[in-house]
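What follows is one structure encoded as structure tokens, with my remarks underneath.
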Amino acid sequence: MRELVRNKDAVLITGIEALLNGADIKHMVVDRNMSVLEGSIGVFPRRILVGEEEFDAARRLLEEAGFARELWQDGR
């Protein structure tokens with residue numbers, strides 16, 4: 001699995017999930033339950049992971065949908 005998006009905005013994560021679901025791209029949102037530790041203040045980012053075989057298609061989908069700025073790049 002490769003990291004596609006890392007963001008603190010729960011609404012953005014939900015929107016990207018909807019795009020991926022609509023394109024039938026399997027993904028996983030991790031760190032969603034960190035709010036238990038942080039007290040629901042949104043300190044920790046949520047991450048969307050995609051399998052290696054679907055990673056390029058997922059990137060292209062988000063770029064075409066106008067979410068290119070949200071794509072995670074190692075070291076960013």
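These numbers come from a predicted model, not from an experiment. Hydrogens, waters and symmetry mates play no part in the numbers below; they use all other heavy atoms, side chains included.
Using a 4.0 Å cut-off between charged nitrogen and carboxylate oxygen, Asp31 and Arg47 count as a salt-bridge pair.
The list of side chain to side chain donor-acceptor pair (under 3.5 Å) pairs with a residue in residues 10-29, not counting sequence neighbours, reads Glu17-Arg32.
The two residues Pro45 and Arg6 make their nearest non-hydrogen contact at CB-CG, 3.6 Å.
Listed by chain and number, the residues in a side-chain hydrogen bond (donor to acceptor under 3.5 Å, both in side chains) with Arg59 amount to none (sequence neighbours excluded). Evaluation of the side-chain hydrogen bond (donor to acceptor under 3.5 Å, both in side chains) rule for Asp9 yields no partner, not counting sequence neighbours. Taking the side-chain hydrogen bond (donor to acceptor under 3.5 Å, both in side chains) definition, one finds that Glu52 meets it with Arg2, sequence neighbours left out. A search for side-chain hydrogen bond (donor to acceptor under 3.5 Å, both in side chains) contacts involving Glu63 returns nothing, not counting sequence neighbours. Shown here are the side-chain contact (heavy atoms from CB on, under 4.5 Å) partners of Leu62, two or more places apart in sequence or in another chain: Leu4, Val5, Ile16, Leu19, Phe67, Leu71.
Under a 4.5 Å side-chain heavy-atom criterion applied to ILVMFWY residues, the cluster that includes Val30 comprises Met1, Met28, Leu49 as well.
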